Number of protein chains: 2
Amino acid sequence: MLEGVEIFKRLTPAERTRLAAMSREQRFAKGQTVFRAGDPADAVWVVRTGRVHLMKFLEGGQAATTCVMTPRESFCCLPALDRQPYPVNAIAATDTVVLRIPIAAFHDLLQRNPTFLEDALGVFCERLRQVEHKSCMLYDPVERRLAQALLTLSGKFGTTIPLTKHELAELAGTTVETAIRVLSDLKKRKILSSSRGSTTILQPAALEQLAEA
Amino acid sequence: MLEGVEIFKRLTPAERTRLAAMSREQRFAKGQTVFRAGDPADAVWVVRTGRVHLMKFLEGGQAATTCVMTPRESFCCLPALDRQPYPVNAIAATDTVVLRIPIAAFHDLLQRNPTFLEDALGVFCERLRQVEHKSCMLYDPVERRLAQALLTLSGKFGTTIPLTKHELAELAGTTVETAIRVLSDLKKRKILSSSRGSTTILQPAALEQLAEA
DNA sequence: CGCGCTCCATGATGTGGATCATAGAACTCT
DNA sequence: AGAGTTCTATGATCCACATCATGGAGCGCG
């Protein structure tokens, strides 16, 4: 199963079974906390089934989702690398099974295997670029932020995205109400349709146009 | 001189002279462009004298400064690492001398020297955390963003920060007018003082309080 | 010296989106 | 089936900030 995970793609079968042997599956019910921001980073994680949201809790009880992790995606390699505490909270957004890879196993690999280091570095650069991109859409209006969020989600889920309006709002950095307003406007314009708990993209092209300039 | 640069700190004298030999100094007048976003990344840069701003140009002619680089700081290691184009524009904010280290020299070092790889990775993690932190203050009010900007600048310049209000505004992601309004308010509260082209922090503690919760 | 430029400052007005309030629709659990 | 809960929806109000407009203060330059 590790084979399908980007960062572990080029491990040898032997390394993979060794890694798997050191790791444990863990089950979380919807809404449970996988780890909290500030916790010491003692593991790298891979989603097996379900969905995990990485999120910040801001003062005033608002929550901002920084990233939605879906099956075969790994997260929190950074804290593992520099041995700093987790910078975000990880919450199971649905019933979820994750693989917990102890940090020791990760470092073990890093030291033995220069190819792995390369791959890790690659994943890493990718992530940095993502974050930088996200941070510069700080100034964009809500519609564009939502459009972007939907597009990146469609990369993970396909054209039908199984998130509630509330979750979309948290991801776009806005409130449920305005998210709903914007989305129903897009619905009127036939760019997407939506039902309880999911929205589906009808015109990806139009959405991309909104997302860009 | 390379000795003072964080990422090159642990090079041997021999490596440093070799690196220096492959590099070139380059001079830019105030306002000149060092490189543009989208250009292929063919070098890593170190500021020798002056000041370089990394910035994005948004539609509508607005500019956002993502980072202010001062002497002994290196920038654009990321593009060098993953061989992707520069993600930002680099503009000389004053008359400036920079050291231009060709990407080949950088990769050469990476391959030969595992200690260097470690250091590079460290600088890198640091940067990722910075960016993530910045991106989550998306929701903060202007006053807090400005306070944060001033504090990180005071780490580079000391208590007196030689930037115009306009530059501060670009760094805090707001307009000159509101930056000026907020700053003059802080001035009234004796937290800082300012003159043409510079502002100095009088009460770092008070500023930190504004910057946090 | 006077002209022009950049920087600073402050007031007037407009607006995107948060907040508050309310309510119906759909799903869940007993 | 009924009760509670989550999700969706929409209207009314409010506010932080952008935008527009204008004027003055410091500084360089012909």
Side-chain angles (χ1 to χ4, degrees), chain A residues 29-31 53 58-65 91-95 137-147 149-150 160-189 192-200 210, chain B residues 29-31 53 58-65 91-95 137-147 149-150 160-189 192-200 210:
Chain A
K30 173 176 174 175
H53 287 194
L58 312 169
E59 30 151 336
Q62 307 172 55
T65 298
I91 311 288
T94 63
D95 290 349
M137 69 183 222
L138 191 149
Y139 315 99
D140 295 335
V142 169
E143 187 179 78
R144 185 164 315 148
R145 298 206 303 266
L146 257 175
L150 287 170
T160 289
I161 292 149
L163 300 213
T164 66
K165 315 285 181 256
H166 183 79
E167 288 172 315
L168 287 176
E170 283 182 343
L171 199 50
T174 182
T175 56
V176 209
E177 294 96 323
T178 66
I180 286 174
R181 277 186 248 267
V182 171
L183 288 173
S184 43
D185 183 55
L186 295 181
K187 211 150 95 180
K188 268 176 211 139
R189 289 151 70 188
L192 46 80
S193 71
S194 81
S195 64
R196 186 186 176 89
S198 85
T199 94
T200 97
L210 293 179
Chain B
K30 173 176 172 172
H53 287 193
L58 312 169
E59 30 151 339
Q62 309 171 53
T65 299
I91 311 287
T94 63
D95 290 350
M137 69 184 221
L138 192 148
Y139 315 98
D140 294 337
V142 169
E143 187 178 79
R144 184 165 316 149
R145 298 206 304 265
L146 257 176
L150 287 171
T160 290
I161 291 148
L163 300 213
T164 65
K165 313 287 181 258
H166 184 79
E167 288 172 316
L168 287 177
E170 282 182 343
L171 199 51
T174 182
T175 55
V176 210
E177 295 96 322
T178 65
I180 286 175
R181 278 185 247 267
V182 171
L183 288 173
S184 43
D185 182 55
L186 295 181
K187 211 150 95 179
K188 268 178 211 138
R189 289 150 69 187
L192 46 80
S193 71
S194 82
S195 64
R196 186 187 174 88
S198 84
T199 92
T200 97
L210 292 180

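So you know, we letter chains A, B, ... as the sequences are listed, proteins then strands, and number each from 1. Just so we're clear, the structure is a prediction, and the values are computed from it rather than from any experiment.
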Indicate the atoms forming the closest heavy-atom contact of [X] with [Y], along with that distance.
X        : Y        : result
A/Leu210 : A/Ala147 : CB-CB, 4.1 Å
A/Gln62  : A/Glu59  : NE2-O, 4.0 Å
B/Leu192 : B/Leu183 : CD1-O, 3.8 Å
B/Ala29  : B/Ala92  : O-CB, 3.6 Å

Self-check item: Audit row: A/Lys165, A/Glu170, salt bridge (Lys or Arg N to Asp or Glu O under 4.0 Å) steps and yes/no
Solution: CA-CA 9 Å; A/Lys165 315 285 181 256; A/Glu170 283 182 343; over 6 Å; no
If you look at every strand shown and take non-hydrogen atoms under 4.0 Å, does [X] touch a base, only sugar-phosphate, or nothing?
X        : result
A/Thr174 : sugar-phosphate
A/Thr175 : base
A/Thr199 : nothing

Practice problem: Say whether, by atom type as modelled, one donor and one acceptor occur between the side chain of A/Arg145 and the main chain of A/Asp140 under 3.5 angstrom. | Solution: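 Checked: pair present.
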Self-check item: Check: A/Asp95 side chain, A/Lys30 main-chain N or O, donor-acceptor pair, under 3.5 Å
Solution: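 Answer holds: yes.
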Quiz prompt | B/Glu143 vs B/Arg189, salt bridge (Lys or Arg N to Asp or Glu O under 4.0 Å): CA-CA, chis, key distance, verdict | solution = CA-CA 13 Å; B/Glu143 187 178 79; B/Arg189 289 150 69 187; 3.2 Å; yes
Exercise. Take the C1' atoms of the five end pairs on each side of the helix from C/dC1-D/dG30 to C/dT30-D/dA1, derive the two axes, and give their angle rounded to 10 degrees.
Key: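 So the angle between the two local helix axes works out to 40°.
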Quiz item: Rounded to the Å, how far apart are A/Lys165 NZ and C/dC27 P?
Solution: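 Interatomic distance, NZ of A/Lys165 to P of C/dC27: 13 Å.
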Self-check item: For atom NE2 of B/His166 and atom C1' of C/dC5, their distance in whole Å
Solution: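 Atom-to-atom, B/His166 to C/dC5, this comes out as 14 Å.
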Quiz item: At what distance, to the nearest 0.5 angstrom, does CD1 of A/Ile91 lie from OG1 of A/Thr65?
Solution: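 A/Ile91 atom CD1 to A/Thr65 atom OG1 measures 9.0 Å (nearest 0.5 Å).
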Quiz item: Any chance the side chains of A/Thr160 and A/Ser198 put a donor and an acceptor closer than 3.5 Å?
Solution: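 Distance-only check fails for A/Thr160 and A/Ser198.
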Self-check item: Any side-chain donor near an acceptor of the partner, B/Ser193 and B/Lys187, under 3.5 Å
Solution: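 B/Lys187 and B/Ser193 do not have a side-chain donor-acceptor pair below 3.5 Å.
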Quiz prompt | Which residue lies more 5' along DNA chain D, comparing A/Arg196 with A/Lys187 via nearest heavy atoms | solution =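 Closer to the 5' end of DNA chain D: A/Arg196.
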Quiz item: Of all nucleotides in DNA chain D with an atom under 4.0 Å from a non-hydrogen atom of chain A, which is the first and which the last going 5' to 3'?
Solution: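 Going 5' to 3' along DNA chain D, contacts run D/dT6 to D/dA12.
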Practice problem: Identify, residue by residue, the members of residues 176-186 of chain B with a heavy atom below 4.0 Å from DNA chain C, and return them in order of residue number, or none. | Solution: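 Nucleic-acid contacts, sorted: B/Glu177, B/Ile180, B/Arg181, B/Ser184.
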